[in-house]
Amino acid sequence: MTGKDQSALDKVIGELVAANRILGNEGVCDAYGHISHRHPHDPTKFLLSRSRSPELVEPEDIMTFDFQGNPQDGRTDPMYYERFIHCGIYEANPDVNCVVHSHARGVLAFTISDVKLVPVVHTGASCGCEMPVWDIEDKFGATNLLVANVDQGRDLAKTLGKNRVALMRGHGFAAAGRTLSEALRISIYLPQNAQTQMEAMLLGGRFKALTAGEMEVRAAAGPDGSDIARAMQYWARRANCEHFLTYKKSV
Ligand code: MN
């Protein structure tokens, strides 16, 4: 690997470590949940931590996987059971570069209800108009509800389609970002959006979701919208992990 390639890889690894800690710190992931990034030098591979809680992830924990979920580089560390979520989504979506899986409390009710989760606040616009619910039972019958193999990951990706978020029945969600910051923005604001919709419904009246026109205006701003650097700096400072944003592997 050339020095330039190594520094591009270091940059992604550093940002991915920071993103892990941010998701832990913001309560999107707890002991469980994960975030991956497509490999910067090989679009058929992705980077994901060994089996570790996101808030504790270090650069050395980041491993490389293929779309069958096989670890590369001879690593034999314990792996996330549900890495197939990432396999399926990257395989089906060449424009997706960052995937998050979370069990965030705020969205869970919408994964088991026939009330449709929709974007209701402007920060929720990144989540997209449609957030389909994937029910593992439909195709795979009685399981432990976890995405445990390539077929299940592909089926989840099929339900996700070209949307940014798939809810997972009785489980959580998977988010697909074109950039790492988009994936973070979606994952942090999705539970807030869900909570707000639920509170509005508890008020008993009708609620107004973002309109199709408003969603178009937001989409035109691109995956990172405006001022994402400000948000990254804020999230990273709160999680005390700003130094990983300029990470360089020591040789
Ligand atoms: Mn899970």
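- Members clustered with L210: M215, by chain and number, using a 4.5 Å side-chain heavy-atom cutoff among hydrophobic residues.
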query = Going through the distances and angles, do V133 and I112 end up as a side chain to side chain contact (heavy atoms under 4.5 Å, CB included)?
reply = CA-CA 9 Å; V133 179; I112 58 170; over 6 Å; no
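- Interatomic distance, CG of L47 versus SG of C98, reported as 10.0 Å (0.5 Å rounding).
- N149 meets the side-chain contact (heavy atoms from CB on, under 4.5 Å) test with D151, Q152; sequence neighbours excluded.
- Looking at Y80, its side chain does come within 3.5 Å of a backbone N or O of R52 through a donor-acceptor pair.
- Closest approach of V99 to I89, counting heavy atoms only: CG2-CG2, 3.7 Å.
- Once rounded to the nearest 0.5 Å, the distance linking CZ of F244 with CD1 of I22 reads 11.0 Å.
- A salt bridge links E58 with R21: at least one charged nitrogen is closer than 4.0 Å to a carboxylate oxygen.
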key: Residue pair I62, L48: steps toward the side chain to side chain contact (heavy atoms under 4.5 Å, CB included) verdict   = CA-CA 5 Å; I62 303 296; L48 176 70; over 6 Å; no
inquiry  = What verdict does the salt bridge (charged side-chain N to carboxylate O under 4.0 Å, His left out) test give for D77 and R75, after you've listed the backbone C-alpha separation in whole Å, the side-chain angles of each residue and the deciding distance to 0.1 Å?
reply    = CA-CA 6 Å; D77 311 58; R75 298 254 321 228; 2.9 Å; yes
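- Closest approach of R185 to W235, counting heavy atoms only: CA-CH2, 3.9 Å.
- Judged as a side-chain hydrogen bond (donor to acceptor under 3.5 Å, both in side chains), and not counting sequence neighbours, the contacts of E130 are K116.
- With rounding to the nearest 0.5 Å, the separation of OG in S181 from CG in N97 is 11.0 Å.
- Proximity of a side-chain donor or acceptor of T246 to a complementary backbone N or O of H243 within less than 3.5 Å is detected.
- Residues satisfying the side-chain hydrogen bond (donor to acceptor under 3.5 Å, both in side chains) test with S250, not counting sequence neighbours, are none.
- In this structure, the side chain of S53 does not engage the main chain of L56 through any donor-acceptor pair within 3.5 Å.
- In this structure a side-chain-to-backbone donor-acceptor pair under 3.5 Å is present from E182 to R178.
- Residues meeting the salt bridge (charged side-chain N to carboxylate O under 4.0 Å, His left out) test with R50, sequence neighbours left out: D61.
- Ring geometry for H86 against F46 counts as parallel: the plane angle stays under 30°, on a 0 to 90° scale with 60° as the upper cut.
- Pairs passing the side chain to side chain donor-acceptor pair (under 3.5 Å) check and including a residue from residues 153-171, sequence neighbours excluded, read E82-H171, E91-R154, N93-K162, H101-H171, H103-H171, W134-D155, D135-R169.
- When atom types are taken as modelled, the side chain of T211 and the backbone of E214 share a donor-acceptor pair closer than 3.5 angstrom.
- Residues satisfying the side-chain hydrogen bond (donor to acceptor under 3.5 Å, both in side chains) criterion with E15, sequence neighbours excluded, are K11.
- Applying the ring-ring contact (aromatic ring centres under 6.0 Å, His included) test to F84 and every residue at least two apart in sequence or in another chain returns nothing.
- Checked against side-chain hydrogen bond (donor to acceptor under 3.5 Å, both in side chains), E242 has the following partners two or more places apart in sequence or in another chain: R237.
- Listed for the D224 side chain is no donor-acceptor partner under 3.5 Å among the backbone atoms of I228.
- Qualifying side-chain contact (heavy atoms from CB on, under 4.5 Å) partners for V121, counting only residues two or more places apart in sequence or in other chains: T123, N193, T196.
- Residue Y32 qualifies as open at atom OH: its count of foreign heavy atoms under 6.0 Å is 12 or below.
- Sparse packing is recorded around NE2 of H122, with 12 or fewer heavy atoms of other residues, nucleotides or ligands lying under 6.0 Å away.
- Remark: N240 pairs with no residue by the side-chain contact (heavy atoms from CB on, under 4.5 Å) rule, at least two apart or across chains.
- Between the side chain of D66 and the main chain of G69, a donor-acceptor pair closer than 3.5 Å is present.
- Residues passing the ring-ring contact (aromatic ring centres under 6.0 Å, His included) test with F67: none are found, sequence neighbours excluded.
- Between the Y189 side chain and the C127 main chain, no donor and acceptor come within less than 3.5 Å of each other.
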